[in-house]
Amino acid sequence: MKFRGKILDIACLNHFTRVITTISKLTKTCVLRLTPDNLFFVLSGKVANGGVSMWCELSQANFFDEYQMEGVSPEDNEICLEVTPENLSRALKTLQNAKAVKVKLTKKHCPCLTIAAELPTLSSINRVVTHDVPVDVIPRRLWNEFKEPSMPDFDVSIYLPPLKTLKNIVDRMKNLSNFLVMEANLSGEMNLKIETDLVSVTTHFKDLGNPPWGDEASQDGGPSQSRDPEDMAQARVDIRKLQQFLMGQQVNPSKAMCNIVHERVVHLILLHEDVSLQYFIPAVA
Amino acid sequence: MPLSTQSQGDAEQYVLVASLDNARNLSNILKAITFKDHAIFSATPNGLKVTVEDSKCLQANAFIQAEIFQEFTIRDDSVGFQVNLTVLLDCLNIFGGSTVPGVSTALRMCYKGYGYPLTLFLEEGGVVTVCKINTQEPEEPVDFEFCSTNVTNKVILLSESLKEAFSELDMTSEVLQITMSPSQPYFRLSTFGNSGNAHYDYPKDSDMMELFRCTKTQTNRYKMSLLKPSTKALALSCKVSVRTDSRGFLSLQYLVRNDDGQICFVEYFCCPDEEVEEQ
């Protein structure tokens, strides 16, 4: 099992740091899967974390100038590590002006991701800073827990309004209630609703647009084809989970979408060129 | 659901409709009196009065005149109800209460009458939020019987000078003592805290003193915990009038200028803590 990577470009480094910081806001620990082409940050929906799951996919070529890895075996050419994204983020944040950053899987007292950075100096002597971030190696037999979640058979898919607007509204609603109902239809309308003994609040968004999920929808004629465009699909979710997702946003996505499986799950997707982040919030009764 | 289409048809069934182009003009002034959840709203053709009370010792009133609103329609001589102020403020700031110039939240506030919720329609950047805040039976606000004919001492100060004093006040003191007198020390704020006593004096001919009309030396103490909420009003205001009546009751009137330069008033009444022998 071997892994080493090198980032030379400062923009790539900043971007990588932002992605990891975003993830650190979403979860305390997650699984980092390394494959020859990609890095995946995975959180599988366990009861302990409120059933929320996350899948973040990065293409290594977009971040790393050098990238070598050797998985546990040639057939299973992958490495699975449990990491604390907060630790990675903190280490990376101190290296923002580094000339080069190397990331390497090492065996010290325990398995570590060693981040070594060459910092600029005025003199001719190089300064090298090394962070050892402890990780846990996940044995092969547990890998199947960290497979890419299948696209849920959603009832409605819709583009999200600007995340900042959404965040402001969700923050206020959080002050008023613990649960929020998200509903959307195929006419580009989305509503956020809360209701308590004291107050009921509904925010109406319109003209958001519905993403074309061309192939699948047209082939099987799926539910989205036969669905009344005005008909709302809804899910009641824990407001804190949604707030957490909106709070952590450091990646300015080019596309933000939301899929709703009626009374089952809210599936949020952020796309930003080379990065995709998916977040699943289960519905509560 | 644009605001304009909402307004026409429903207008007749509401006893009170008030609209603002900038919801901050309401939320800011309400912040100045937010120290308890319950707020009593009373509307008359002159405008809106919002009252918050604490322990029958402190009362704060915010007055928003009808002219401040772009539309203010009332079908009765007076309309009253009680709502949770914290909830109302969260609703008014649902879009984040942006302070960016050019971005403002439009508000339309409607009330159908006894037993109905207070309905807010808020719009910013094409997004509409509808809030229905449950109302309660309005309580009768305490009448402090503070009447201008019984006022013994009165000063009007620029808020700036009082802000400075309040920010330096020793909050470990249980009371704030206010001395007003036609002779020395004219206008004095005193605290008695852990680290000693402190006096803050204003000369009567200071630039900060816009009016000085004291007829009798009067020293009264007010609970610091009761006066503390009034600093929110002070922070927003440009002028403040400090008055005491013959019973030692304190009235603080704040003149608040909103985003559009219009003037509103906030008033605090406070009971004295105990009688101090007059000199």
Side-chain angles (χ1 to χ4, degrees), chain A residues 158-185 187-210 229-232 234 239-240 242-249 256-258, chain B residues 1-6 23-24 27 30-31 34 36-39 41 81-100 103-112 115-137:
Chain A
I158 193 161
Y159 288 115
L160 286 173
L163 295 183
K164 180 129 198 313
T165 311
L166 203 55
K167 179 182 177 296
N168 280 336
I169 294 166
V170 170
D171 283 351
R172 300 292 158 170
M173 288 186 168
K174 159 82 179 13
N175 292 345
L176 299 169
S177 171
N178 294 326
F179 296 98
L180 170 147
V181 174
M182 254 181 131
E183 59 175 22
N185 64 17
S187 309
E189 294 171 335
M190 186 173 95
N191 300 329
L192 302 180
K193 302 201 285 196
I194 57 155
E195 194 158 350
T196 70
D197 295 345
L198 293 172
V199 65
S200 78
V201 179
T202 309
T203 295
H204 304 268
F205 296 94
K206 51 177 188 175
D207 305 326
L208 294 174
N210 299 91
E230 301 295 322
D231 196 11
M232 291 279 178
Q234 64 163 50
I239 245 182
R240 285 168 304 172
L242 182 61
Q243 194 189 28
Q244 216 165 24
F245 173 78
L246 295 167
M247 204 154 54
Q249 283 328 304
M257 292 173 277
C258 167
Chain B
M1 199 185 310
L3 292 182
S4 51
T5 56
Q6 278 286 325
R24 263 164 55 84
S27 63
L30 292 182
K31 270 183 212 153
T34 313
K36 285 278 167 193
D37 277 346
H38 290 292
F41 278 66
F81 52 88
Q82 188 171 305
V83 294
N84 184 309
L85 191 55
T86 325
V87 168
L88 174 63
L89 277 171
D90 271 319
C91 291
L92 288 173
N93 290 313
I94 191 91
F95 294 111
S98 160
T99 50
V100 180
V103 182
S104 62
T105 307
L107 164 72
R108 188 178 166 79
M109 188 163 67
C110 309
Y111 179 60
K112 269 188 196 165
Y116 284 95
L118 175 68
T119 309
L120 310 179
F121 299 93
L122 295 135
E123 190 266 350
E124 184 178 306
V127 183
V128 174
T129 298
V130 183
C131 309
K132 294 197 166 108
I133 307 172
N134 292 345
T135 55
Q136 291 126 27
E137 189 127 8

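Proteins get letters first, then strands, A, B, ... in listed order; numbering begins at 1 in each. Just so you know, these numbers use all the heavy atoms, side chains as well, and skip hydrogens, waters and symmetry mates. The structure displayed is predicted, hence computed values, not measured ones.
Open room surrounds CD on A:Glu195; 12 or fewer heavy atoms of other groups in view lie less than 6.0 Å from it. Residue-environment remark: OH (B:Tyr116) stays at or below the threshold of 12 foreign heavy atoms within 6.0 Å.
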Chi angles and distances behind the side chain to side chain contact (heavy atoms under 4.5 Å, CB included) call for B:Thr129, A:Val201: CA-CA 7 Å; B:Thr129 298; A:Val201 179; 3.5 Å; yes
Audit row: A:His204, B:Val130, side chain to side chain contact (heavy atoms under 4.5 Å, CB included) steps and yes/no: CA-CA 8 Å; A:His204 304 268; B:Val130 183; 3.9 Å; yes
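In this structure, B:Val87 and A:Leu176 have side chains that are in contact, with non-hydrogen atoms separated by less than 4.5 Å. Here the side chains of A:Arg172 and B:Asn93 are in contact, with some heavy-atom distance below 4.5 Å.
With chain A as partner, the option from B:Cys131, B:Gly125, B:Pro117 having the largest number of non-hydrogen pairs under 4.5 angstrom is B:Cys131. Taking B:Ile94, B:Leu118, B:Leu88, B:Val127 one by one and counting their heavy-atom pairs under 4.5 Å with chain A, the maximum is reached by B:Ile94.
The distance from atom CG of A:Asn168 to atom OG1 of B:Thr105, rounded to the nearest 0.5 Å, is 9.5 Å. Atoms OG1 and CG, on B:Thr135 and A:Leu198 in that order, are 11.5 Å from each other to the nearest 0.5 Å. In this structure, CD on B:Glu124 lies 11.0 Å from OG1 on A:Thr203, to the nearest 0.5 angstrom. Taking CZ from B:Phe95 and CD1 from A:Ile169, the interatomic distance works out to 5.0 Å, rounded to the nearest 0.5 Å. Taken from CD1 in B:Ile133 to OG1 in A:Thr196, the straight-line distance is 10.0 Å, to the nearest 0.5 Å.
Contact of A:Asp207 with chain B is not made at all, since no heavy-atom distance falls under 4.5 Å. Contacts of B:Asp90 with chain A are made by both backbone and side-chain atoms, with heavy-atom separations under 4.5 Å.
Among all heavy-atom pairs drawn from A:Val199 and B:Cys91, the shortest one is CG2-SG, 4.0 Å.
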